[in-house]
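Report on one structure; see the data block that follows.
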Amino acid sequence: MTLFEAIYVTPPALTAQAPILVVAGPLIGASAAALSPGARTAWMVSVLTAAFALWMSVAVVTEVAREGVVDYALGGFAPPLGIALRIDALGATLALLIASVGLLGALYSGHALSSEVYPGKHGLFQAGYLLCLAGFLGLVFTGDAFNAFVFLEVSSIGTYALVAVGEARDRRALPAAFNYLIFGTVGATFYVLGVGFLYGATGTLNLVDMSVRLAALGDNFAVQAGLAFIVAGLGVKAAIFPLHGWLPGAYAGAPSLVSVFLAATATKSAIYLIVRFVFDVFPTGGFGQTFLALIVAPLAAAAAIVCSVQAIFEKEVRRILAFSSVAQVGFIMLGISLATTGGLSAGVFYLVAHALMKGALFMGVGALAISVKARTVEEFYGLGREAPWSAAAFAVGAASLAGVPLTMGFLAKWSLIAGALEAGALWVVATLAVGSLLTLVYVGRLLEAMFFRAPLPGATRAHEAPFGVLVPLLVMAGLSVWFGVDSSLPESLSRASATGLIGSAR
Amino acid sequence: MNAIALEASFALNVALLLMLVAIAAAIAWTRSLVAAILLMGVYSLASAVWLVVMDAADVAFTEAVVGAGVSTVVLLGATLLVRPGPVRVDWRRAIAPAVLVVGVGALLVLAVSGLASFGDPSSPANAHVGRSYLVETPNDIGIPNVVTAVLASYRGFDTLGETVVIFAAGIGVALMLGFGPRSSLPQPPVQPGEHHVVLRVTARLLIPLIILFAFYVLFHGDLGAGGGFQAGVILAVAPILHALVFGLHATTAAIPAGFVRGVAALGVLVFAGVGVVCMANGGGFLDYDRLFMPRVEAMIPPGLLGDPTHSHNWGQHFGILLVEVGVLLTVSSTMVTIFYGFAGRATHDVGSAR
Amino acid sequence: MADAIHWIGGGLVFAGTLLTLLGGVGVVRFPDVYTRIHAASLTDTGGATLVLIGLGILSGFTLETLKLAFVWAFVMLTTPAAANALANAAFSAGHKPRIGAFQIMKGESSEGAGPAQRDGGVAP
Amino acid sequence: MNFVVTHFNYLAVIVLMMTGLYVLFATGNLIKRMIGLALFQTSTALLYISLGKVAGGTAAIKIYPDSPEAQALAAQLDPAYVAQFGVSGVVYSNPLPHVLILTAIVVGVATLAVGLSIAVRIREAYGTIEADEIEAVRAREPGE
């Protein structure tokens with residue numbers, strides 16, 4: 001954490017308010033973006049807001065590193081009555097991740113958006129983007145079950161339309177967005193249903209209060225079914241295997257900024273909430289972990305295999321990446337469902353790694369698509385020579401996805417296997433091995449197309465992406481390499497997250 | 001307990017629920033889309049009546065305004081735009097959903113078996129936090145309507161989120177329908193049909209009344225059912241009625257779409273701004289007790305709201321009022337944005353008063 | 001006295017509901033759009049008036065009475081106007097009356113004459 | 001049988017929710033789907049409200065205990081019951097679920113508006129709002 005303390009200076013009065021500012025900043029910024037007169041102003045508002053959110057997240061992370069858990073009571077009412085924010089190490093980690101990707105995405109949108117979205121829409125588009133950012137940040141910070149639903153919807157409602165805006169490039173974005181809306185809303189409603197049962201059994205919505213009362217309650221059908229509904233509902237958002245139907249279409253159809261941001265953060269914040277309920281709210285070693293081990297883990301394993309195979313047979317680059325995301329969520333959930341410190345911290349590490357690499361990959365595809373409207377693998381032939389920097393960044397992301405040494409993906413896979421061995425779950429190791437091999441196949445196919453194939457005759461020649469797109473892209477890809485070499489920061493954050501959730505004893 | 005009164009209320013509850021089940025079955029059964037939409041409106045009205053029986057006056061008001069009003073209008077508007085044929089029914093398509101629904105339903109029945117009996121005053125849900133609100137509101141907030149107190153103050157952050165969700169919906173609809181080739185076509189000149197005199201006269205009479213009623217609902221929210229959200233929807237009815245009777249073109253000339261979107265953003269800013277002011281005065285976000293600096297609070301005459309001997313939580317009163325105004329601004333302008341979106345897409349032969 | 005108020009008020013409310021129910025029957029039973037609108041709007045205003053008077057008697061002379069009067073005024077203003085608009089729309093959409101003095105028009109075209117039972121129900 | 005009586009509300013609400021879910025998944029018509037979704041969401045709200053009902057309670061708007069209204073309410077109930085579960089002499093229903101559902105209703109209408117606007121755009125782009133016909137159009141497109 002010394003790194004942060006060195007770069008970060010802020011008045012103590014602001015630090016005390018940092019948790020709420022992380023969430024309220026983007027909300028206010030969204031209104032400002034909607035009010036701003038031109039596309040350029042909207043973009044600047046977006047960048048400034050995202051930078052502010054990142055700054056405040058860094059403040060929160062340092063605070064969490066110092067104190068363990070940060071509580072913030074809203075409205076001046078003590079938690080069971082009022083709503084409270086509660087930020088543990090995992091929440092702080094995710095906020096840092098989301099805010100960083102948010103800032104990089106906002107920078108990236110300066111050029112990328114103008115090729116994809118009608119300029120008159122930029123103000124509203126940026127407003128929607130900032131609302132989405134605020135929603136995800138609120139989701140990982142809130143300490144209240146119903147407040148989490150509100151933020152789930154804040155992040156979702158805008159996103160449905162943002163995905164649909166991709167119709168300017170590809171009209172398939174529209175049915176994909178509709179599908180996303182149906183799935184997402186059913187998921188959110190299932191979540192509300194589950195929270196309703198927990199509320200009916202405990203009488204509270206505050207997660208800390210709820211965990212105290214659940215521990216006293218013992219086994220109860222309402223509570224158990226409540227958890228099942230919560231996990232199922234969030235599982236839709238997290239794209240856990242049979243509930244992932246919305247994801248490929250949405251990621252493939254959305255404007256590239258939205259794809260980048262969703263791929264890097266959307267599923268992650270839902271996974272965070274699942275982890276929070278299972279490990280933090282439900283008593284340790286109780287029904288929650290059994291549910292995870294017996295139901296979620298096999299599904300996650302199935303995802304890791306089935307969706308990797310689907311990715312191999314896809315023709316479109318973005319859909320390959322999208323199916324790969326579902327498979328990788330399977331890996332993450334496998335790590336988490338081990339329910340040991342090692343497994344959980346490996347899962348969190350993998351989550352961060354996956355966010356960075358998928359962000360770089362989708363950003364790379366978006367950067368390449370600025371000059372060529374390339375969609376299928378064939379249309380990507382030879383782009384490596386025409387746009388070397390973008391292609392290199394894409395290649396770094398792909399290498400991280402495949403788990404090449406010196407990238408973050410390698411360390412993530414390594415720690416996952418170590419965690420699984422430590423927990424004695426050999427079948428998890430086997431699944432990981434098979435899944436990784438399959439990953440290698442489709443990643444190899446992508447890289448071969450880009451670097452070792454001549455362009456199709458008659459294909460339009462690509463140009464290098466503009467500077468404003470290249471910088472965030474290279475930073476995003478660079479982070480995958482940086483943390484692959486010096487992983488102390490994500491390592492310490494994920495370990496702190498895991499011990500914060502289940503204690504270091506186990 | 002007087003058993004007769006309770007049993008009568010329970011019988012009413014059962015009757016209304018059975019009615020709802022019948023309406024829901026009809027919605028599932030009918031092949032006509034318009035019939036399904038209207039039945040959905042009836043369902044909302046019936047559930048609003050049921051909500052009154054359940055003592056949820058505020059929710060009933062909202063459900064009547066939103067479910068029976070806005071939702072029905074939006075659904076009908078979309079139906080006009082897509083001009084669908086009858087809904088096709090294929091029994092093969094129905095098997096998998098039926099199995100799924102039966103499975104989920106069975107899980108739900110299992111789940112409710114773990115809940116306390118209906119109406120039990122000592123159930124966890126009613127005994128813990130819910131009861132604390134009833135006990136604490138007179139001291140903490142000092143307004144009669146506990147639902148408003150919880151909505152705007154104790155759980156004000158949720159309400160901020162709710163306002164933002166509405167704002168996001170406005171953004172979404174504007175992104176989908178507010179731009180594009182068709183909406184920018186010049187509107188056909190309005191031809192005032194001489195047989196619409198009744199409508200025009202009534203509308204002229206009603207629009208100011210509607211606006212007045214909206215503000216009544218807004219300011220009455222502290223004392224009874226009502227508040228910013230319901231008031232916002234009612235306020236939005238005024239321009240919508242104007243557009244329906246006098247033509248969309250006349251309304252957008254008076255209230256441009258861009259202005260309406262700006263007001264929606266402004267509402268969120270007002271709400272969040274109240275929170276920031278509380279923060280700047282040394283409290284937490286949305287801590288209305290710190291809304292005024294002590295110096296300012298001392299200047300408020302004690303008899304402003306009647307009884308001067310009673311201690312007033314001025315910060316809470318004004319904070320709640322301000323955030324309700326923010327909600328009103330966002331909700332009403334978003335409703336108008338949604339209406340503009342759908343109505344602006346319409347080809348002119350479906351305009352209603354033309 | 002209290003009993004009498006109870007019975008008179010309750011009776012009026014009951015009569016109002018009955019009238020509204022009759023209107024519902026009329027909407028189902030009448031042959032064309034215009035007669036249906038007629039049935040619905042007349043019984044609606046009449047039924048609402050009876051119910052509101054009944055409620056006013058039941059609640060005694062308080063602030064509620066004033067609110068009920070406002071509701072009554074609103075209903076009297078809007079329901080007839082809505083019925084008028086509906087009839088106008090039906091007429092412009094080409095629906096023709098089936099009974100009464102306009103029966104002569106029946107021979108011209110049977111296409112637009114039916115009650116609006118086409119699926120989708122959207123104006124052509 | 002006793003369970004059916006004491007939990008009647010919950011069971012009825014389950015039937016309503018499942019009807020909504022069935023409508024949502026059984027039809028290919030996008031607008032009918034949105035109706036199913038609205039039905040599902042509205043019915044979920046009814047579950048919360050059922051949780052918050054207190055037998056003999058009244059709406060959570062404070063009544064002075066010595067007002068005629070409060071006395072009329074109290075006369076219907078056992079004094080011991082009022083003393084135990086009432087707040088200064090009046091039994092109220094639980095306000096918290098009402099607040100939550102106010103929020104949920106708003107979220108529901110927001111979803112509905114966005115969903116329908118996307119459906120309208122689908123109609124403009126594909127010429128139909130039947131899911132299987134859209135699927136058929138998509139299957140004919142290149143790159144699929």
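Order of the sequence lines sets the chain letters (A, B, ...), proteins ahead of strands, with each chain counted from 1. Worth knowing before you read on, the calculation uses all heavy atoms, side chains too, and leaves out hydrogens, waters and symmetry mates.
- Proximity to chain B (any heavy atom under 4.5 Å) is restricted, for D:V23, to the side chain, taken from C-beta onward.
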Legend entry - Derivation and outcome, side-chain contact (heavy atoms from CB on, under 4.5 Å), residues B:D58 and D:H98: CA-CA 7 Å; B:D58 280 270; D:H98 302 178; 5.8 Å; no

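- The two residues D:G52 and B:N126 have their closest heavy-atom pair at CA-OD1, 3.5 Å.
- Per-residue counts of heavy-atom pairs under 4.5 Å with chain D were compared for B:V59, B:V66, B:V102; the largest is that of B:V59.
- When heavy atoms are compared at a cutoff of 4.5 Å, D:L11 approaches chain B solely by way of its side chain, counted from C-beta outward.
- For the atom pair CG of B:L17 and OG of D:S50, the computed distance is 6.5 Å after rounding to the nearest 0.5 Å.
- In terms of non-hydrogen atom pairs under 4.5 Å with chain D, the most contact-rich of B:G227, B:A169, B:A149 is B:A169.
- To the nearest 0.5 Å, atoms CD1 (D:I35) and CG (B:L75) are separated by 5.5 Å.
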N/O donor-acceptor pairs under 3.5 Å from side chains in residues 111-120 of chain B, not counting sequence neighbours:
residue : atom : partner : partner atom : Å
B:S113  : OG   : B:L110  : O            : 2.4
B:D120  : OD1  : B:S122  : N            : 2.9
B:D120  : OD1  : B:S122  : OG           : 2.9

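- Only the side chain of B:M40 comes within less than 4.5 Å of a heavy atom of chain D; its backbone N, CA, C and O stay farther away.
- Among the candidates D:L21, D:I118, D:L112, the residue making the largest number of heavy-atom pairs closer than 4.5 Å to chain B is D:L112.
- Looking at B:L18, the atoms closer than 4.5 Å to chain D (heavy atoms on both sides) all sit in the side chain, from C-beta outward.
- In terms of non-hydrogen atom pairs under 4.5 Å with chain B, the most contact-rich of D:E133, D:M34, D:M17 is D:E133.
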Show me the side-chain donor-acceptor pairs of residues 99-108 of chain D shorter than 3.5 Å, one per line, residues at least two apart or across chains.
residue : atom : partner : partner atom : Å
D:T103  : OG1  : B:E162  : OE1          : 3.3
D:T103  : OG1  : D:V99   : O            : 3.3

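- Both the backbone and the side chain of D:S43 come within less than 4.5 Å of a heavy atom of chain B.
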Inset, instruction - Go through the steps for D:T42 and B:E63 under the test side-chain contact (heavy atoms from CB on, under 4.5 Å), then give the verdict. - result: CA-CA 9 Å; D:T42 315; B:E63 181 64 37; 3.6 Å; yes

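- The minimum heavy-atom distance between B:A125 and D:L51, with the atom names listed, is CB-O, 4.2 Å.
- Looking at D:N9, both its backbone and its side chain come within 4.5 Å of chain B, counting heavy atoms on both sides.
- For B:I37, the parts lying under 4.5 angstrom from a heavy atom of chain D are both the backbone and the side chain.
- By number of non-hydrogen pairs under 4.5 angstrom with chain B, the leading residue of D:V13, D:L96, D:I61 is D:I61.
- For the set B:V165, B:V173, B:L134, the count of heavy-atom pairs under 4.5 angstrom toward chain D peaks at B:L134.
- Comparing D:A119, D:P95, D:G36, D:A12 by how many heavy-atom pairs each has under 4.5 Å with chain B, the most go to D:P95.
- By the 4.5 Å heavy-atom criterion applied to side chains, D:Y92 and B:V146 are not counted as neighbours.
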Legend entry - Test side-chain contact (heavy atoms from CB on, under 4.5 Å) applied to B:L108 and D:M18, step by step: CA-CA 10 Å; B:L108 281 168; D:M18 291 306 107; 3.3 Å; yes

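- Both the backbone and the side chain of D:V114 come within less than 4.5 Å of a heavy atom in chain B.
- Between B:I143 and D:K62 there is no side-chain heavy-atom pair separated by less than 4.5 Å.
- In this structure, no portion of B:V233 lies under 4.5 Å from any heavy atom of chain D.
- In terms of heavy atoms, D:R121 sits closest to B:M176 at NH1-O, 2.5 Å.
- Taking all atoms of both residues into account, the shortest heavy-atom contact from B:F10 to D:V5 is CZ-O, 3.8 Å.
- Interface remark: of the candidates B:I23, B:V52, B:V150, B:V150 forms the most heavy-atom pairs closer than 4.5 Å to chain D.
- At a 4.5 Å heavy-atom cutoff, the contact between B:I338 and chain D is made by side-chain atoms alone.
- The two residues B:P121 and D:Y81 make their nearest non-hydrogen contact at CG-OH, 3.4 Å.
- Under the 4.5 Å side-chain criterion, counting only non-hydrogen atoms from C-beta, D:T19 is not in contact with B:I27.
- For the set B:A57, B:S71, B:G172, the count of heavy-atom pairs under 4.5 angstrom toward chain D peaks at B:S71.
- Looking at D:I129, only its side chain comes within 4.5 Å of chain B, counting heavy atoms on both sides.
- Of the atoms belonging to B:N13, it is side-chain heavy atoms, and not backbone ones, that fall under 4.5 Å from chain D.
- Here the side chain of B:R131 pairs a donor or acceptor atom with the backbone of D:F85 at under 3.5 angstrom.
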Inset, instruction - Would you sort out whether D:L116 and B:F342 count as a side-chain contact (heavy atoms from CB on, under 4.5 Å), showing the intermediate values? - result: CA-CA 9 Å; D:L116 288 174; B:F342 282 97; 3.8 Å; yes

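- Looking at B:D55, its side chain never comes within 3.5 Å of a backbone N or O of D:A60 through a donor-acceptor pair.
- With respect to chain B, the highest number of heavy-atom pairs below 4.5 Å among D:N29, D:V109, D:L16 belongs to D:L16.
- Annotation: maximal heavy-atom pairing with chain D below 4.5 Å, among B:V74, B:T159, B:V53, occurs at B:V74.
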